[in-house]
Amino acid sequence: MFHPLINLELFAYNLIPMNLYSTKNRSNIASLKEAVMKGLPDDNGLFMPEVIPQLPANFINNLADFSFQEIAYQICESLFKGFIPSKDLKNLLDNAITFPAPLIPLNEDIHVLELFHGPSLAFKDFGARFMAQLMSYFNQGEKEELVILVATSGDTGGAVAAGFHKMPGIKVVILYPSGKVSDLQEKQLTTLGSNIAALEVQGTFDDCQAMVKKAFLDSDLNQVIKLSSANSINIARLIPQSFYYFEAFKQAPKGRAINFCIPSGNFGNLTAGLLAKAMGLPINHFIAATNINDVVPEYLDSGIFNSRPSKRTLSNAMDVGNPSNFVRMLDIFSGKNERFTWNNMKQKISGYAFTDQETEDAIKRVYSKYKYLLDPHGAVGYLATISHLNKFPGELNIVLETAHPSKFIDDVDRILQIEVNIPKQLLDIKDKKKEATLMNVNFDNFKSWLLENY
Ligand SMILES: *Cc1c(COP(=O)(O)O)cnc(C)c1O
């Protein structure tokens with residue numbers, strides 16, 4: 001028996017730090033620090049929070065009283081259960097969330113949540129900046145510096161580079177495939193300098209990824225250098241993506257059922273929305289929007305998950321044939337058997353998929369009708385929202401606009417024949433000098449380079 005004077009809630013709040021389990025084995029447990037620093041559990045599952053706390057109703061009903069940073073603080077404070085002292089947590093969040101997420105109405109039923117106001121102009125800035133802050137926090141007081149290796153096909157590298165730029169005690173090495181990222185993406189990776197180094201690999205993205213994986217397994221390297229990864233399935237990238245679902249609710253008109261439409265590839269963003277709902281945000285329904293890489297919409301229709309190689313599309317950040325966060329979605333909806341899980345999931349998520357031609361038409365239609373410029377990813381979301389609205393009229397749909405259209409300026413110029421306004425973040429780097437080290441696809445060369453430089 002507990003002593004009646006001990007407040008159980010306070011006890012839980014103050015003393016038990018947040019643990020995470022592996023989706024492969026719920027008794028495989030790690031602390032938040034271990035999960036963030038390791039990225040992946042040893043059994044190759046993904047980390048999930050052991051407890052998803054319900055936020056108090058008076059917080060959820062009064063979001064308008066809180067700034068974006070304060071909303072993030074309330075979420076982390078209850079998720080991390082006092083594991084990070086309030087003062088440090090506030091400081092960390094002030095450094096991570098330095099740009100807004102405005103909600104823009106297209107019409108009465110469709111609003112767009114702009115997630116592209118960060119340094120790399122995509123929603124991945126939220127995850128990358130928060131992860132950088134957490135890693136730096138956990139690495140404080142360590143004598144050895146942390147060297148983070150990232151392989152990128154374009155987008156992630158830019159967000160990670162910006163997130164970790166000038167972070168004390170941490171160095172970042174980015175490997176990207178030569179000639180296979182856009183000029184602007186390359187500039188985002190190669191012009192920061194300071195603690196960010198870029199390796200221009202004369203091979204494919206898969207070659208880059210294989211070299212990084214091999215480095216993590218190499219015992220010589222690991223004896224001399226403290227290596228870590230910043231991959232997209234780190235739980236520290238997922239958690240901050242739940243913040244802006246609350247921030248959207250705060251700005252939305254009250255009294256209507258609210259759905260979120262998420263243009264998806266690896267389904268991290270959608271999974272973060274499921275976390276927000278589990279924490280008590282009254283999200284009515286999720287709309288999963290994909291391009292022709294439609295493994296998840298197909299699963300929602302048929303109950304069969306059939307992963308396959310991805311196909312290249314206009315909305316290329318969503319060209320994913322085996323979405324890594326799908327196991328987290330299964331975990332959240334898991335029931336007594338597979339059929340049960342599928343039923344649970346499709347009650348809360350509807351899937352829709354579209355071709356490039358449909359995407360182009362949507363960009364044109366939205367521009368001529370609303371004078372609003374969607375990027376190809378947001379356009380896929382818009383299409384899914386229209387399809388859903390046709391079935392469920394009267395609900396308010398919030399489409400996540402995941403990137404700024406100027407990131408895809410060549411496509412948008414071609415489709416609309418207009419000049420796209422380039423935001424300051426991109427203008428600033430356009431004329432900066434690229435600095436990258438050329439590297440052939442040879443692990444020994446990569447290893448020697450690391451040993452010489454770190
Ligand atoms: C990464 C990315 C996506 C896909 O997000 P997931 O969380 O992987 O589903 C969508 N749009 C843009 C612009 C992206 O960069």
Side-chain angles (χ1 to χ4, degrees), residues 46 101 112-131 150 152-163 181-182 184-185 188-189 205 230-245 260-276 286-297 299 307 310 313-329 349 351-354 359 363 373-384 399-409 411-412 426:
L46 296 189
V112 176
L113 184 67
E114 294 185 342
L115 299 176
F116 53 66
H117 294 279
S120 83
L121 303 172
F123 81 89
K124 291 193 174 69
D125 283 325
F126 284 100
R129 290 182 78 78
F130 182 81
M131 175 171 61
V150 208
T152 184
S153 55
D155 252 8
T156 302
V160 168
V181 303
S182 77
L184 276 171
Q185 280 176 333
Q188 288 182 323
L189 306 173
F205 167 64
N231 59 34
S232 64
I233 51 213
N234 195 308
I235 190 75
R237 301 248 316 243
L238 204 65
I239 290 167
Q241 288 172 203
S242 67
F243 303 162
Y244 43 70
Y245 287 86
F260 278 90
C261 175
I262 302 101
S264 294
N266 271 318
F267 284 79
N269 227 353
L270 197 145
T271 304
L274 297 174
L275 280 184
F286 291 91
I287 304 167
T290 71
N291 56 36
I292 54 169
N293 295 288
D294 60 350
V295 177
V296 171
Y299 167 81
S307 66
S310 64
T313 75
L314 196 59
S315 47
N316 56 46
M318 312 192 322
D319 294 350
V320 180
N322 189 8
S324 51
N325 281 290
F326 186 67
V327 292
R328 284 192 168 122
M329 293 165 67
I349 310 176
Y352 301 90
F354 301 92
T359 307
I363 291 174
L373 194 53
L374 285 170
D375 95 294
H377 304 80
V380 171
Y382 173 80
L383 286 165
V399 184
L400 305 196
E401 174 50 306
T402 48
H404 191 280
S406 67
K407 278 199 99 164
F408 306 93
I409 194 161
D411 293 318
V412 178
L426 276 192

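In listed order, ligands and their atoms are each counted from 1.
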Peer 1: Please tabulate protein-ligand N/O pairs under 3.5 Å for ligand 1, atom names and distances to 0.1 Å.
Peer 2:
unit_1, atom_1, unit_2, atom_2, d
ligand 1, 7 (O), Gly268, N, 3.1
ligand 1, 7 (O), Asn269, N, 2.9
ligand 1, 8 (O), Asn266, N, 2.8
ligand 1, 9 (O), Gly265, N, 2.8
ligand 1, 9 (O), Asn266, N, 3.3
ligand 1, 9 (O), Phe267, N, 2.8
ligand 1, 11 (N), Thr402, OG1, 2.8
ligand 1, 15 (O), Lys124, NZ, 2.5
ligand 1, 15 (O), Asp155, OD2, 2.7

Peer 1: Hey, mind stepping through Thr290 and Phe267 against side chain to side chain contact (heavy atoms under 4.5 Å, CB included) and telling me if it holds?
Peer 2: CA-CA 10 Å; Thr290 71; Phe267 284 79; 3.9 Å; yes
Peer 1: For a quick check under 3.5 Å, do Asn293 and Ser310 share a side-chain donor-acceptor pair by atom type?
Peer 2: no
Peer 1: Check Asn269, Leu113, Leu274, Leu275 against Tyr245 for a side-chain contact (heavy atoms from CB on, under 4.5 Å) and give me the one that passes.
Peer 2: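 Going through Asn269, Leu113, Leu274, Leu275 one by one, the side-chain contact (heavy atoms from CB on, under 4.5 Å) with Tyr245 is satisfied by Asn269 alone.
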Peer 1: List in chain and number order the residues that pass ring-ring contact (aromatic ring centres under 6.0 Å, His included) with Tyr352, two or more places apart in sequence or in another chain; answer none if no residue qualifies.
Peer 2: His388
Peer 1: Run the side chain to side chain contact (heavy atoms under 4.5 Å, CB included) check on Lys124 and Arg237 step by step: do they pass?
Peer 2: CA-CA 8 Å; Lys124 291 193 174 69; Arg237 301 248 316 243; 4.0 Å; yes
Peer 1: Roughly how far apart are Leu400 CG and Leu115 CG, rounded to 0.5 Å?
Peer 2: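 Nearest 0.5 Å value for the CG-CG distance: 5.5 Å.
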